[in-house]
Amino acid sequence: MTTTRLTRFAAALLCGTAIAPAAMAEEVIIFHNWSSGPEVAALNVLKDNFEAMGHTWTDIAIPHDTGSNVSLLNLVTGGNPPNVFLESSPGFYRDLADMGLARPLTDWYEAGGYLEHLPSSVIDSITVDGEIMKIPTAIHIDGMVYYNMDVAEELGIDPAAWDSLDAMFADFDTIREAGVVPIAIGAQQWQIGYLTHAIAASVAGPEFYNAIYGGEVNPDMIDSEEMRLTLDWLRRFQEAADEGSVNRDWNVTTNMVITGDALMQIHGDWMKGEWTAAGKVAGEDFGCMQIPGAIAVPVTVDAWGVLGDQSEAMDAAELDFASVVLDPEVQAQFAAEKGSTPVRLDAAGEIDACSQAVLGYLEDPEHQVANPHTMVDADWQSSLWDVLFNYWSDPSMTADEAIEQMKSNYDLILG
Amino acid sequence: MPRVSFENIVKSYGGLTVLDDLNLSVEHGEFLVLLGPSGCGKTTLLNLLAGLADVTDGRIVIGERDVTDLDPKDRGLAMVFQSYALYPTKSVRGNLKFGLSAAKLPREEIARRVDWAAKLLQIEPLMDRRPSQLSGGQRQRVAIGRALVKHADVLLFDEPLSNLDAKLRTEMRLEIMRLHDELNPTVVYVTHDQIEAMTMATKIAVMNGGVIQQFGTPDEVYETPANLFVAGFIGAPAMNLKEARIAKADGGVEGVFATGARIALDDYAFARAPQEGAPIVVGMRPEHFGAPNATLDGAAGRFVLPLQHTERTGSDATGYLHWGEGLLSHRVEPGDAARLRPGQTISVAFPRGKANLFDAASGERL
Amino acid sequence: MTIRWTRIAPQIALTPALAVTAVAFIGSILWTIYLSFTRSRRVPDYAIDWTEWTRQYDRLFQDAGWSTALWNLITLGLGSALAIVFGFVLAAMIDREKRGEAFFRTVFLYPLAVSLIVTGVAWRWILNPTMGLEATLHRWGWTGVDFNWLAQGDTAMYAIILASIWQSSGFYMALMIAGLKSINTEIWSAARLDGVSLWRLYIEIIIPMMKFTFLTCAILLSLGVIKAYDIVLAMTNGGPGQSTWVPAYFVINALSQKQNLGYASAAAVMMLGITLLVFLPLVLLTAWQNRRRAAA
Amino acid sequence: MTDLSVTEAAAGATVVRRHPRVRRRRGLNGRSIAVLVFLTMCALFFCVPLYVVLTTSLKTMEEIRQGQIFALPETWTLEAWSFAWNEACSGITCEGLKVGFWNSVRILVPSLILSISLAMVTGYALALWEVKWAGTFLFLLFLCAFVPLQIIMFPLIAITRTMGVYGTIMGVAVVHSVMAMPVLTLIFRNFYKDIPREIMNAAIMDSGSFWKIFAHIILPMSGNILIVVLILQITNVWNDYLVGVTFGGFNTQPMTVNLANMVTVSTGTATYNVDMAAALLTAIPPLVIYFLVGKFFVAGITAGAIKG
């Protein structure tokens, strides 16, 4: 690390990052795949603070399911690489390292004293092969239950009282009779994939979860009681889905709950952003909780990576970006807009009821597992999603058939 | 000034040899007509000269220059095409100018030459029209004008009159001859029309099967055809070619036809002395026959044969007599033709010194 | 030898096109074929393990998604073939009944100007179960009608076929009209004099005479079906499940979701094979037609 | 399932020939009426999507939720149109479809210039000049014309990456030009092939310059085929999705990609009126071309498909 850069760190630390005038204004190209309203609002928090430092934020967004990974990798290796990118996959950082374009940030974290403010699960998720490679920006729980409290009240149901999925499903008939969709589901491949791993963590527990979604897949666990349990619950969810669920976007689905057409949704808690965007207040208009009876919850840590082998000015600008993301105030604002939970334990500002609940779940390290994206082989996960979505879409497909397909996929991909 | 010569030209397409070791040269200011049936290689030869096709082997020399490997535009040629090949998007003036401006001539020079050609060919009122607005004859004039403005030493014509009606064809023939007299370029003219060849050429090269059968003045080609092909090809109606055998009697030489008729050949200038009984072909032009039933003093042969039919072609008429399996044609006074009846026996006489003799086996002139 | 620009200039002018063909097409195809034998993931890995160089293909043949994609390709091909039939019927009717020819042609052809993404968006909206056609029909009292095709795996393909027929029928109609117009008018008169019924005239005379047009349409259609990607993306994005996957979608999915370059390459090579299968008849057809024309 | 790149197909862009046929005015008999009724019904089927999309785009969301997809709007409003054009979001930028529109235009112009000039010169050289390997090359082009993008996608990504144009407007334009080159070349070649040999010979004797003959003689004769190819290529490029989404980068993606993004990930409730307005906005340019120069359009898209 050069002396000039060290000086800049010192200056940044002294003055407080957000207001530090940048020595050199850079046009920083930022790649992400966020596009819904709350996501964009949260990005704008970063953007405003970052541009206040004199830099320019040039945005490139490729929506989730159009192959952002391929684009990102090719942009990086091509003539126009983004400097900052929203990317969790550890394999991606390994590829970057192979190309000499990785930028380890361990020194910077240590110099800035950031590590003591981050939960250990977050530090784990941003570490790739021993070096910190990413800048965590938000924590999400992948499978939270959000419900419309007004509707629950009208129906005379208290979701908070459910202590298991069985108890939850037991109320569905009552809810349907009142003309309300009990659970709103958007049946797109990735949503079903997320729902499944949330169910897996919830009903089958961390050991099974990590055997399937962890860095090291254990083939013996594919054909297991836990897998059958997970698949059986998935089938029950499918049977409970309404007619319009096919190919419905998650935020459209959330809106069904907001408008009272449906009672609840199980999804990543980024859906909170939709609620707050609609002017609803957590704990008053909508309730949030983990899946009833959950053994563990899957945690997503959204994180940015920065590109190495850049000009000195760009290197500095990238670190400016990192310091903006990890600024306690920015963390709180960002979390409020996106509906996430801050990654910093000392994030300034108000924490709403839902985030308080999340922080409660996260207190117990045994109660959490990591989002598959940050851990697992992309090919294996994609093949899992293929099988799961087929299973979802074809009611005649049995759990055994699904397990058979998974086993053969394992042999082909990882075997 | 240019003399055009082809030396040992070979041209083949793939495995097919079209021209094989062809030699031909034409002197400056001559009007050479390449004459032959379609597919005889005459257009190929012209394209080789123009550079539009490449020789497989041999040399083409224009003047002192070996042009074999030159691009067409560098050979000092101009060409008039069968379909005129006018540039459809350019006006007449544009058509005339294109080659000149491509050669980067000064503007005034171009204008001068275009005006000169327009005047020479009387196409001044048409200068701003498009080719599609011109009649066939006008297009032909423009095409010729386009070739003339280049002041090329050698002018090439590729069957330029074949798309015109008979009347225009005659007019344009005269026009081309006038231009040749005035400007005196070397001309190579391809046609399959023997009338064009006979009227315009100073030299004719009769081609068949990629081989030059005879090269000479129109008179030579007509009067003393070098072989059976030329004999049969030149002249309309065609020369009568009848098989015969040499018979020597009383020190004279006679030809005895299969029909038994005889013809005296004493006056024929044999290249070498004929052998008794040698098979020959006797060529007799229809117009050399005397009038039917008229007596002809000193006739070489006299034939009395039944008439099959007569044909009248305006200024002329031809009678056809049964000759064994075939026919013998002879010129008839047009006025007489109407009086002759099919089946009527007619006596015709062939004069001395007019017959052409060919070796039956090789077809060559004896 | 002197330099002859008339020989050299065209060759120079052809160099860019030649380079594009050599690099972007031939070179790239060979590259993809090579990659299909490797275990490349996100980035190319040029090592080939010769003990299992067919690994990607083995996986492909065992992949349920791939066989679904192949079946869907056939379904889509057969289903879209209706567009040819439909196109011919429209063309024949327009050609016989001159009235309104310009109007009908314009109407039947306009979907062709619309991109497949837009086509997908429009039809997805029409087939929307809660606010679209089905809802309207139910409101009109036809509650028995089920138009929620996109929601079920076994009908989603029909929705895609419907949209593609809508989009492409006009094109085949235009080809057929051209084919019909090239038929000698005297045949119609002759048939009328002979008192042949219209049905028999079409089936026994006109259609056999247009067999070349039909064949052309069929080949164009097949090539279009192989390339079908946009319409699937816009209508169903492959779902529900993998029920509307087609090979073109499979390749993109393998590249972007599975991040498996080797696997995507193997699938792409199979796509090339299918294209060649369709292409071969086209070459033969062209040769046959040339010979026929030469004979005529 | 005919996307336009297929319809160009084989070769030869002879403008569809119309044999003038005698129009017989017959009375309306039973069969005529049946045929006309059938055709009218088909026409209705073809118009339904346009009607539905258009009316939806002019409605408010409240009206749309009533599920009267075929009803005319009660209150006509252009709000959705202006929202789609000016405000709709694609990523963090909420500047509407106009961004994509201008991107499409910026992609279109260089790709037209590149592909058409390359194809024209190549077609001209192959058709009118003597090149020994022309036959082999033509066959290769014929093969290439049918290669789906997927097969050469990764190599093309790598190539454009090396050229430094991946993820730029130029990159998208280059890929479009490459993909269109074989077909357009065949079309031009088949058109030029019919130019009489003698005109070329005359020009060769007059000038002999490859480029001068092209500029002065051949180009002025190419008017019709240029229009045909222009229409073909404009519709192709404008309606493309795959090239745009694969090779487009920093907000340089064409309108179709913007549209797809907008439709799949909209903010909050699905705003079908905005989606439909956006779809129409995307479809307008090729539709305008179609309705303005329909005859050439038909010739364009059927170019080559009908040989003889």
Side-chain angles (χ1 to χ4, degrees), chain B residues 13-14 43 46-54 67 70-91 94-105 110 130-132 139 142-147 149-150 152 154-160 162-163, chain D residues 13-15 17 116-117 120-121 123-139 187-230 296:
Chain B
Y13 296 99
T43 299
L46 192 73
N47 284 342
L48 291 178
L49 175 57
L52 298 170
D54 285 341
V67 299
L70 290 185
D71 273 345
K73 71 168 169 44
D74 300 325
R75 297 189 178 196
L77 307 164
M79 185 159 170
V80 178
F81 294 89
Q82 181 173 15
S83 65
Y84 324 136
L86 300 179
Y87 308 130
T89 53
K90 287 190 181 298
S91 65
N95 265 280
L96 296 188
K97 274 166 71 175
F98 179 67
L100 302 178
S101 54
K104 300 204 175 61
L105 285 180
I110 294 177
R130 290 287 171 94
S132 55
R139 287 182 206 184
V142 175
I144 293 172
R146 189 173 64 179
V149 289
K150 292 169 82 180
V154 181
L155 272 179
L156 312 182
F157 291 85
D158 184 8
E159 310 209 15
S162 59
N163 286 348
Chain D
T14 23
V15 173
R17 275 175 295 140
I116 293 182
S117 52
M120 237 179 150
V121 170
Y124 159 67
L126 286 175
L128 297 176
W129 291 80
E130 221 176 283
V131 179
K132 287 213 167 54
W133 37 271
T136 319
F137 188 40
L138 270 173
F139 184 73
I187 291 176
F188 277 116
R189 187 257 171 188
N190 277 8
F191 177 80
Y192 289 145
K193 192 186 60 177
D194 292 338
I195 288 180
R197 185 69 236 167
E198 292 202 328
I199 290 191
M200 246 336 261
N201 282 345
I204 287 175
M205 297 201 64
D206 268 355
S207 147
S209 155
F210 183 85
W211 297 107
K212 220 169 258 171
I213 294 175
F214 179 65
H216 289 276
I217 310 294
I218 302 302
L219 200 57
M221 293 169 73
S222 315
N224 277 346
I225 196 70
L226 256 180
I227 294 176
V228 165
V229 166
L230 263 175
F296 285 109

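The shown structure was predicted, so the numbers you read here are calculated from the model rather than taken from an experiment. Chain letters run A, B, ... following the sequence lines, proteins first and then strands; every chain starts at 1.
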Practice prompt. For the residue pair D:Tyr192 and D:Phe188, categorise the inter-ring angle as parallel (less than 30°), tilted (30 to 60°) or perpendicular (more than 60°).
Written response: parallel
Practice prompt. Could you label the plane-to-plane angle of the D:Tyr124 and D:Trp129 rings as parallel, tilted or perpendicular, counting under 30° as parallel and over 60° as perpendicular?
Written response: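 If you compare the ring of D:Tyr124 with that of D:Trp129, the planes turn out perpendicular.
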Worksheet item: Quick one: what part of D:Pro196 sits under 4.5 Å from any heavy atom of chain B, side chain, backbone, both or neither?
Response: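 D:Pro196 has no heavy atom closer than 4.5 Å to chain B.
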Discussion item. Looking at B:Tyr87, is its backbone amide N or carbonyl O close enough to the side chain of B:Asn95 to form a donor-acceptor pair, meaning the two atoms are under 3.5 Å apart?
Written reply: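 Here the side-chain-to-backbone pair exists.
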[Y] side chain reached by [X] side chain, heavy atoms, under 4.5 Å:
X        : Y        : answer
B:Val142 : B:Pro131 : no
B:Phe157 : B:Leu46  : no
D:Val229 : D:Met120 : no
B:Tyr84  : B:Asn163 : yes

Contacting region of [X] [heavy-atom separation from chain D under 4.5 Å]:
X        : result
B:Leu86  : backbone
B:Lys104 : side chain
B:Asp158 : side chain

Practice prompt. Tell me the residues of residues 199-207 of chain D whose non-hydrogen atoms fall below 4.5 Å from those of chain B, in number order.
Written response: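 Only D:Ile199, D:Asn201, D:Ala202, D:Ala203, D:Ile204, D:Met205, D:Asp206, D:Ser207 of residues 199-207 of chain D have a heavy atom under 4.5 Å from chain B.
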Discussion item. Other residues, nucleotides and ligands only: do more than 12 of their heavy atoms fall within 6.0 Å of NZ on B:Lys73?
Written reply: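 Yes.
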Worksheet item: For the candidates D:Arg197, D:His216, D:Lys212, which exhibits the highest count of non-hydrogen atom pairs separated by less than 4.5 Å from chain B?
Response: D:His216
